[in-house]
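Would you mind keeping the following structure in view while I ask a few things?
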Amino acid sequence: GHGGRTRRAERMHPIIAIETSTPLGGVAVGRGAELLAEVVVGMGTRHAEALLPAIDFALRRSGVEREDIGGVVVAAGPGSFTGVRIAGATAKALARTLEVPLYAYSSLAALAAGAGCADRAVCALFDARRGEVYGACYRFPGFGALEELAAPAALPVGELLARVSAHAPIYIGEGAWRYREEIEATGGVILPAHLSVPRPAALLWLRELAPEAGRVADPAGWEPLYLRSSGAERGVAG
């Protein structure tokens, strides 16, 4: 039927991924399992100015015309309020103008996917300031599925560690480094700092792995997952 044809056509088309939940954001273009281009840029606080040139550059370097894009994947937050908002708005606008599906995955799932652990639980942490972290726990059994063991939440680091300890996860992210002593006191191991940023290429992989988990049914009405009101970031460069 028509659905099968659409899915098959989508597989052939390049997909674009947008990730700006941390000050180091980026754009990736891929086709199936093949990564065609990935641009990672220090966004600073000016995500909007950096993002559109990064999109154009990634498409140009991968030899992909905008009209050829078959879908848009975005990191849905949590993270920098401004970055998450701009990625969400940009992805929605792209999906709307190109009339292609929108996919969204937690920024923490993208971070965890970058750990490259096939059968071990991965706990992904961003620093949420004020003694709190944004945290979630995932497993990617045999790299064939996406399992959410603990949903994204903003909470004190001690509470998060208690919540995930039963899964004996490995820890990843700048939030893990920020609370290194607490994590190591529980016997937790933290992955190297260069893995601390969610990569747009990881979003492409999540979409290959679990497309239905990320498919946004109503792109126009979709909003990112901030976990905290923007007021929480008043006076803080976000």
Side-chain angles (χ1 to χ4, degrees), residues 6-22 24-41 43 47 50-77 79 83-84 86-88 90-95 98 100-118 122 124 136 138-148 172-173 194-216 219 222 224-225:
T6 315
R7 269 196 297 279
R8 198 157 53 245
E10 245 177 73
R11 264 207 301 277
M12 302 308 295
H13 278 281
I15 303 289
I16 188 162
I18 299 172
E19 205 307 309
T20 61
S21 3
T22 75
L24 199 67
V27 178
V29 181
R31 188 188 287 108
E34 185 187 7
L35 181 62
L36 301 174
E38 186 178 35
V39 184
V40 177
V41 184
M43 297 269 168
H47 292 80
L51 185 53
L52 295 176
I55 288 172
D56 289 339
F57 183 77
L59 289 172
R60 203 161 60 243
R61 297 314 302 167
S62 53
V64 169
E65 302 290 330
R66 273 180 187 243
E67 300 70 55
D68 292 338
I69 294 170
V72 181
V73 200
V74 66
V84 168
I86 286 164
T90 306
K92 278 165 78 164
L94 257 183
L98 298 171
V100 296
L102 176 67
Y103 299 85
Y105 298 88
S106 164
S107 310
L108 294 165
L111 177 56
C117 295
V122 182
Y138 301 91
R139 194 166 31 222
F140 307 94
F143 293 134
L146 164 63
E147 283 179 10
E148 187 180 81
I172 190 169
H194 69 275
L195 297 172
S196 289
V197 174
R199 281 180 52 190
L203 287 171
L204 293 175
W205 182 67
L206 288 174
R207 188 210 153 265
E208 281 286 300
L209 192 66
E212 293 314 315
R215 190 186 288 269
V216 176
W222 175 82
L225 176 72

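Residue numbers count from 1 along this sequence.
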Review point. Can Leu108 and Tyr138 be said to form a side chain to side chain contact (heavy atoms under 4.5 Å, CB included), step by step?
Key: CA-CA 9 Å; Leu108 294 165; Tyr138 301 91; 4.2 Å; yes
Practice item. Have a look at Leu36 and tell me which of Ile15, Ile16, Val29 forms a side-chain contact (heavy atoms from CB on, under 4.5 Å) with it. Key: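 So the option named by the test is Val29.
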Check your understanding: With Phe140, which residues qualify under ring pair (Phe, Tyr, Trp, His ring centres under 6.0 Å), at least two apart?
Key ->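 Once residues adjacent in sequence are excluded, the partners of Phe140 under the ring pair (Phe, Tyr, Trp, His ring centres under 6.0 Å) criterion are Trp205.
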Practice item. Tell me, please, which residues at least two apart from Ser21 pass side chain to side chain donor-acceptor pair (under 3.5 Å). Key: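 Once residues adjacent in sequence are excluded, the partners of Ser21 under the side chain to side chain donor-acceptor pair (under 3.5 Å) criterion are Glu19, Ser107.
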Check your understanding: Of the non-hydrogen atoms in Val84 and Pro224, which two are nearest, and what is the gap between them?
Key -> CG1-CB, 3.3 Å
**Study point:** For Ala76, all residues meeting side chain to side chain contact (heavy atoms under 4.5 Å, CB included), sequence neighbours excluded
**Key:**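 Scan of Ala76 (side chain to side chain contact (heavy atoms under 4.5 Å, CB included), adjacent residues dropped) gives Ala104, Trp222.
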Point to revise | Closest approach of Leu203 to Ala75 (non-hydrogen atoms, all atoms of both residues) | key: CD1-N, 3.5 Å
Point to revise | Rounded distance (nearest 0.5 Å) linking atom CZ of Arg215 with atom CG of Leu102 | key: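 Rounded to the nearest 0.5 Å, the CZ-CG separation comes to 10.5 Å.
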Review point. Given side chains that start at C-beta, do those of Val197 and Val40 come closer than 4.5 Å, heavy atoms only?
Key: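 Val197 vs Val40: side chains apart.
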Check your understanding: Between Val39 and Ala54, what is the shortest heavy-atom contact and its length?
Key -> CG2-O, 4.1 Å
Study note, to complete from the structure: Output for pair (Arg199 CZ, Leu204 CG), nearest 0.5 Å, gives 10.0 Å
Practice item. For Gly70 and Pro101, work out which heavy atoms get closest and say how close. Key: O-CD, 3.3 Å
Review point. For the atom pair CD (Glu208) and OH (Tyr103), what is the distance rounded to the nearest 0.5 Å?
Key: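 One finds 9.5 Å between CD of Glu208 and OH of Tyr103.
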Check your understanding: To the nearest 0.5 Å, how far apart are OG1 in Thr22 and CG in Leu111?
Key -> 9.0 Å
Practice item. Determine which pairs satisfy side-chain hydrogen bond (donor to acceptor under 3.5 Å, both in side chains) with at least one residue from residues 57-72, sequence neighbours left out, and list them in order. Key: Asp56-Arg66
**Study point:** Closest contact, heavy atoms only, Ala210 versus Leu146
**Key:**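 The answer is CB-CB, 4.1 Å.
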Practice item. Check salt bridge (Lys or Arg N to Asp or Glu O under 4.0 Å) between Glu147 and all other residues, then give those that pass, not counting sequence neighbours. Key: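 Here the qualifying residues are Arg139.
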Practice item. Take Val73 and Leu206 through the test side chain to side chain contact (heavy atoms under 4.5 Å, CB included) and record every step on the way to the result. Key: CA-CA 9 Å; Val73 200; Leu206 288 174; over 6 Å; no
Exercise for review: Return the minimal non-hydrogen interatomic distance between Ala87 and Thr20, and the atom names on each side.
Suggested key: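 It is CB-OG1, 3.2 Å.
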**Study point:** Steps toward side chain to side chain contact (heavy atoms under 4.5 Å, CB included) verdict (Thr90, Val72)
**Key:** CA-CA 10 Å; Thr90 306; Val72 181; over 6 Å; no
Review point. Of all residues at least two apart in sequence or in a different chain, which pass the side chain to side chain contact (heavy atoms under 4.5 Å, CB included) check with Ala115?
Key: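 Partners of Ala115 by the side chain to side chain contact (heavy atoms under 4.5 Å, CB included) criterion, ordered by chain and then number, come out as Cys117, Val122, Ile172, Leu191.
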